[in-house]
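Below is one structure, written out as structure tokens; the observations come after it.
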Amino acid sequence: MPVIKLFNTMGRSIEEFTPLVPGKVGFYGCGPTVYNYAHIGNLRTYVFEDILVRSLRRFGLDVTHVMNITDVGHLSGDDDTGEDKMVRSARERGQSVLQIASYYTDAFFADTDRLGIARPSVVCKATEHVQDMIKLIQRIEKGGYTYVAGGNLYFDVSKFPNYGKLANLRLEDLKAGARIEVDENKKNPQDFVLWFTKSKFENQALLWDSPWGVGYPGWHVECSAMSMKYLGESFDIHAGGVDHIPVHHTNEIAQSEAATGKPWVRYWLHAEFLVLDKGKMSKSKGSFITLQNLIDEGFEALDYRYFCLGGHYRSQLSFSSDALAQAKASRHTMLDRFLDLKAQAGTNPLPNRNSLHAGALERLERFDNLLADDLAVPRALAELWGLLKDPSLPPIDVVVAALDMDTVLGIGLAQAKRDEKSISNDERAKIQALVERRTEAKKAKNWAEADALRQELKDMGVVLEDSPAGTTWKLAKA
RNA sequence: GGCGCCGUACCCAAGUGGUAAGGGAGAGGUCUGCAAAACCUUUAUGCAUCGGUUCAAUUCCGAUCGGCGCCUCCA
């Protein structure tokens, strides 16, 4: 197992990763707020987390992956003036909040399944953990970190030393209200709500009784309460999008460590944004691209996964339909090449990893080292290309090593099959007949007829390949 | 106003103080009755611009220009 190095946002440097409990990893990844579909920018982050989890497991670590489902809405601001997103979505669609949550949760996992993202070990819903949140808030309160104002319970950031350490924030430098009205109830602009009672919810399903009155929890507290419930009061890795660094994760740290008095998360990993020409994709701005949109345009979900693999997780990735088309072409060429090698390898039993050709082992070792080097996935992908193009290796060794690499990359090599398999028997017979007619024409050196038949097949989307062994056909690339 | 990131060929993109991965697209060639596939060759003396440090900078430092993110909810 190589030495695993990861970039820790806390401290902003590459650190060697060593789990709290040898051999085991507690990993918490921020999940979706289920008031709408996930867009492909959100999905990029989950692909990154999937690569992280698969890499750690590849290195022999037993990973417990916990993901929250935020089905308690967030206000558009925490001054209680905005409308809850869940409630608004429910109203707009004429459904209950719980129906909305359930629908979009299913849609979320349908997307991650299509992307080959492994399901988390634990999926926890905020609405089912409100008592855990209340207990946590009581611990925070006991420590003297809170105050009540205007009916809400606030966390007082001035009581927490090192507030903002993750984001390098200095409170005096922040321009509160630069983009939003300041909540008059707050002592400091960075204070945040632990429990709301001044609710405008129309939906009783989202109200809970609490020591501070009937209401609902603040957003940040769910991640603290649920992560500790399933992973303990200190655990290894917490990941999410970069947008969470300054507020969400900063506040999670403050409230968690205020409650327990001990270090909470050991390694913080953050994925950069997928960006469009105009900047990032935003759920709240309304227009965004979903995985289904891409599929409707003729892409496969794994084309998008492949696209994501082309850029490092800590760099912004420029999305365009052209760039995705390039990724698709690249992936399909790769699949083709892999299938050719597999055919060449024949039906011989696959060697296991230990009996592989030294050259293939060397490439696997490089591959592992690249993953261990802060998930250098683009280079790992290049290593897979190098493997597939290496003329010095027997096809069967290439096939085995490539499948091994793909257990992390998830490009779909194992499931790859020629598109021709999807052709109906009728069509197959029709194509076969035309191919035979052309073979006859060729025998008679009737080139005009042979070429006409080639053209006819081409118009049907069928490409012919002549070889000494005869003529084979396949579907033209889309 | 504060914090931070980025600017690499036609496109996506990796990377390093010692001379630019990979993929897509394009061009030429081998092969072929014609094709396809495959293979070979090829496409940045150059990494936004201008200075500086250095034996050596795309890689470090500074400035400038341009783009982006965060300081509301957001992956």
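Computed from heavy atoms alone, side chains included, the values below leave out hydrogens, waters and symmetry copies. In what follows, chains are A, B, ... by sequence order, proteins preceding strands, each numbered from 1.
For the C1' atoms, the distance from B:C47 to B:A20 is 8 Å, rounded to whole Å. Nucleotides B:U53 and B:G17 have their C1' atoms positioned 12 Å apart, rounded to a whole Å. Taking the P atoms as reference points, B:U8 lies 16 Å from B:G46, given to the whole Å. A gap of 31 Å separates the C1' atoms of B:G26 and B:C68, to the nearest Å. The same atom, C1', is picked in B:C12 and in B:A44; the two are 16 Å apart, to the nearest Å. Comparing B:U32 with B:A36, their P atoms are spaced 14 Å from each other, to the whole Å. Using C1' as the reference atom, B:U19 and B:A56 are 9 Å apart when rounded to the nearest Å. Across the C1' atoms, B:G52 and B:U59 are found 15 Å apart, a figure rounded to whole Å.
If you measure from atom CG of A:Leu166 to atom P of B:C3, you get 17 Å, rounded to the nearest angstrom. A:Tyr35 has its OH atom 11 Å from the C1' atom of B:A75, to the nearest Å. Atom NE2 of A:His39 and atom P of B:C73 are 15 Å apart (whole Å). Rounded to an integer number of Å, the gap from A:Asp243 CG to B:C74 C1' is 5 Å. One interatomic measurement links the two molecules: CG of A:Asn68 to C1' of B:C74, which rounds to 14 Å at whole-angstrom precision. Rounded to whole Å, the distance from CG on A:Leu339 to C1' on B:A37 is 14 Å. Across the protein-nucleic acid pair, A:Phe273 atom CZ and B:G69 atom C1' stand 7 Å apart, rounded to whole Å. Atoms CG (A:Asp390) and C1' (B:C39) sit 15 Å apart, rounded to a whole Å.
Near-neighbour residues of RNA chain B inside residues 245-255 of chain A, defined by a heavy atom below 4.0 Å, number-ordered: A:Pro246, A:Val247.
Evaluation of atom-type donor-acceptor distances gives no pair under 3.5 Å for the side chain of A:Arg44 against the base of B:A75. Contact of A:Arg314 with B:G69 (side chain to base): no donor-acceptor pair of N or O atoms is detected under 3.5 Å. Between the base of B:C34 and the side chain of A:Asp466 there is a donor-acceptor pair shorter than 3.5 Å.
Using a 4.0 Å heavy-atom distance criterion, A:Lys442 is classed as a base contact. Backbone-only engagement by A:Ser315 is indicated by non-hydrogen atom pairs under 4.0 Å involving sugar-phosphate atoms exclusively. In this structure, A:Glu383 reaches neither bases nor backbone, as no heavy-atom distance under 4.0 Å exists between it and the strands shown. Within the 4.0 angstrom heavy-atom criterion, only backbone atoms of the sugar-phosphate kind lie near A:Arg337; the bases stay farther away. Counting non-hydrogen atoms under 4.0 angstrom, A:His270 reaches nothing in the nucleic acid. A:Leu274 comes within 4.0 angstrom of a base, heavy atoms only. As judged by a 4.0 angstrom heavy-atom cut-off over every strand, A:Asp322 is placed among residues touching the sugar-phosphate backbone only.
Checking B:A13, B:C68, B:A75 against every side-chain atom of A:Leu317, the shortest atom distance belongs to B:A13. In the set B:A75, B:A35, B:A14, B:A75 carries the atom at the smallest distance from any side-chain atom of A:Thr45.
Shown here, B:C74 forms no base pair; nothing in the strands shown gives a Watson-Crick or G-U wobble contact with both key distances under 3.5 Å. In this structure B:G69 sits in a base pair with B:C3, meeting the Watson-Crick or G-U test at under 3.5 Å. Under the Watson-Crick or G-U wobble criterion, with both distances below 3.5 Å, B:C60 is paired with B:G52. Across all strands shown, B:C34 forms no Watson-Crick or G-U wobble pair with both distances under 3.5 Å. Pairing partner, B:A27: B:U41, with both Watson-Crick or wobble hydrogen-bond distances short of 3.5 Å.
In terms of modelled atom types and a separation under 3.5 Å, the side chain of A:Asp236 and the main chain of A:Phe27 share no donor-acceptor contact. A:Arg438 places no side-chain N or O within donor-acceptor distance of the main-chain N or O of A:Leu453, the cut-off being under 3.5 Å. A donor-acceptor distance shorter than 3.5 angstrom exists from the side chain of A:Asp303 to the backbone of A:Glu300, with no hydrogens or angles considered. Between the side chain of A:Thr45 and the main chain of A:Ala271, no donor-acceptor pair closer than 3.5 Å is present.
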Hey, what are the protein-to-nucleotides 22-25 of chain B N/O distances that come in under 3.5 Å?
| from | atom 1 | to | atom 2 | distance (Å) |
| --- | --- | --- | --- | --- |
| B:G23 | OP1 | A:Lys389 | NZ | 2.6 |
| B:G23 | O2' | A:Ser330 | OG | 2.3 |
| B:G23 | N2 | A:Gln326 | OE1 | 2.8 |

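A salt bridge is defined here as a Lys NZ or Arg NE, NH1 or NH2 lying under 4.0 Å from an Asp or Glu carboxylate O, and A:Arg114 with A:Asp111 meets this definition.
Between A:His249 and A:His220, a ring centre-to-centre spacing not shorter than 6.0 Å is recorded. Remark: aromatic rings of A:Tyr216 and A:Trp195 are distant, center separation not under 6.0 Å. Aromatic ring centroids of A:Phe299 and A:Phe307 lie 6.0 Å or more apart. If you look at A:Trp268 and A:His248, their ring centroids are not closer than 6.0 Å. Under the 6.0 Å cut-off for aromatic ring centres, A:Tyr37 and A:Phe288 do not qualify, their centroids lying 6.0 Å or more apart. Outside the 6.0 Å centre-distance limit, the rings of A:His65 and A:Tyr230 are not counted as a close aromatic pair.
A:Trp219 has a side-chain polar atom (N or O) that falls below the 4.0 Å cut-off from OP1 or OP2 of B:C74.
The CG atom of A:Asp374 sits 9.5 Å away from atom CG of A:Leu52, with the distance rounded to the nearest 0.5 Å. How far NE2 of A:His129 is from OG of A:Ser227: 11.0 Å, rounded to the nearest 0.5 Å.
Comparing A:Ala450 and A:Leu43 against RNA chain B, the residue whose closest nucleotide sits nearer the 5' end is A:Ala450. If A:Ser320 and A:Tyr46 are placed on RNA chain B by their nearest nucleotide, the residue sitting closer to the 5' end is A:Ser320.
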